[in-house]
Amino acid sequence: MNMNATLLGQAITFVLFVWFCMKFIWPPVISAIEKRQKEIADGLASAETAKKDLELAKANTSDIMQQAKVEANAIIEQANKRKAIILGEAQQEAIREKERIVAQGLAEVEAERKRAREELKQQVATLAIAGAEKIIERSVNEAANSDIIDKLVAEL
């Protein structure tokens, strides 16, 4: 019976040990394991979310770069059009300025030609009078004959 009592004592001790472990040791260990599992699951979910965010950011970056290239090309095209307009306006302004300068020069030449013609007429009239005075060998009174001189100048 001694053996049976020892076995029974060991069985009771074992049952008490299992009960004690299940009551006091097992719940904190299970709780710690569950907490650790949750932390690992959360970490994996965060990593997956970060991976998706990274892929989305890469896609957005590609879209943004493409859009920026399109906008840059549009700006360059507008600048080229504006440059062409400015050059065209400058050419037109230069043509107008050239025409104005040429017209002014022609007007000055025409005025100088008229002045020279009038001066030449006056000189011819004076020479004609001087020649006529010598021919008739008498002095012609310019004041008395001013209408003759004016008529002569007008005819020339």
Side-chain angles (χ1 to χ4, degrees), residues 14-135 139-156:
F14 180 71
V15 169
L16 285 175
F17 177 73
V18 169
W19 175 81
F20 180 79
C21 284
M22 288 180 72
K23 183 76 175 169
F24 296 104
I25 296 175
W26 195 256
V29 169
I30 294 296
S31 175
I33 290 172
E34 288 174 350
K35 182 180 175 186
R36 183 69 180 144
Q37 284 177 339
K38 185 177 182 307
E39 289 174 358
I40 291 171
D42 290 346
L44 290 173
S46 294
E48 188 64 31
T49 302
K51 183 178 175 183
K52 287 179 183 176
D53 288 345
L54 179 62
E55 289 173 4
L56 182 62
K58 284 181 182 178
N60 286 343
T61 301
S62 177
D63 291 345
I64 290 171
M65 290 298 290
Q66 185 64 27
Q67 184 179 4
K69 286 179 183 178
V70 168
E71 289 176 7
N73 287 337
I75 290 170
I76 290 170
E77 186 177 326
Q78 287 176 343
N80 286 334
K81 285 180 182 177
R82 183 67 182 139
K83 177 184 84 171
I85 290 170
I86 290 171
L87 287 176
E89 289 173 354
Q91 287 174 340
Q92 292 299 319
E93 181 64 28
I95 290 169
R96 285 192 296 271
E97 184 65 17
K98 178 190 85 166
E99 290 172 351
R100 185 190 64 77
I101 290 171
V102 168
Q104 182 181 3
L106 289 174
E108 288 175 6
V109 166
E110 183 63 26
E112 185 63 27
R113 187 176 64 82
K114 284 182 181 180
R115 189 192 60 72
R117 179 180 277 163
E118 291 299 319
E119 190 177 300
L120 186 60
K121 283 182 184 180
Q122 194 67 29
Q123 288 175 358
V124 168
T126 303
L127 287 174
I129 290 173
E133 281 179 348
K134 288 200 183 237
I135 290 174
S139 177
V140 176
N141 185 355
E142 286 187 31
N145 298 316
S146 67
D147 60 334
I148 294 172
I149 294 171
D150 290 339
K151 190 176 183 181
L152 185 60
V153 168
E155 287 178 8
L156 293 177

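Basis for what follows: all heavy atoms, side chains included, without hydrogens, waters or symmetry-related copies.
Judged by distance alone, the side chains of R82 and Q78 never bring a donor and an acceptor atom under 3.5 Å apart. Between the side chains of E118 and Q122, no donor-acceptor pair is found at a separation under 3.5 Å.
The shortest distance between side-chain heavy atoms of M22 and V18 falls below 4.5 Å. Residues E110 and L106 fail the side-chain proximity criterion, which asks for heavy atoms closer than 4.5 Å.
We find that E93 and R96 are joined by a salt bridge, their nearest charged nitrogen and carboxylate oxygen being less than 4.0 Å apart. The existence of a salt bridge linking K51 and E48 is excluded, since no basic side-chain nitrogen approaches an acidic carboxylate oxygen closer than 4.0 Å.
A distance of 11.0 Å separates CG of N60 from CD of Q67, quoted to the nearest 0.5 Å. To the nearest 0.5 angstrom, L56 atom CG is 9.0 Å from T61 atom OG1. The distance from the CZ atom of F24 to the CH2 atom of W19 is 5.0 Å, given to the nearest 0.5 Å. Atom NZ of K114 sits about 12.5 Å away from atom CD of E112, to the nearest 0.5 Å.
In plain terms, the two heavy atoms of P27 and C21 that are nearest each other are CD-O, 4.2 Å.
The only option from K38, E39, E34 that meets the side-chain contact (heavy atoms from CB on, under 4.5 Å) definition with R36 turns out to be E39.
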*asked:* Applying side chain to side chain contact (heavy atoms under 4.5 Å, CB included) to L87 and K83, what does each step give before you reach the verdict?
replied: CA-CA 6 Å; L87 287 176; K83 177 184 84 171; 4.1 Å; yes
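With hydrogens and angles disregarded, a donor-acceptor distance shorter than 3.5 Å links the side chain of T49 to the backbone of A45.
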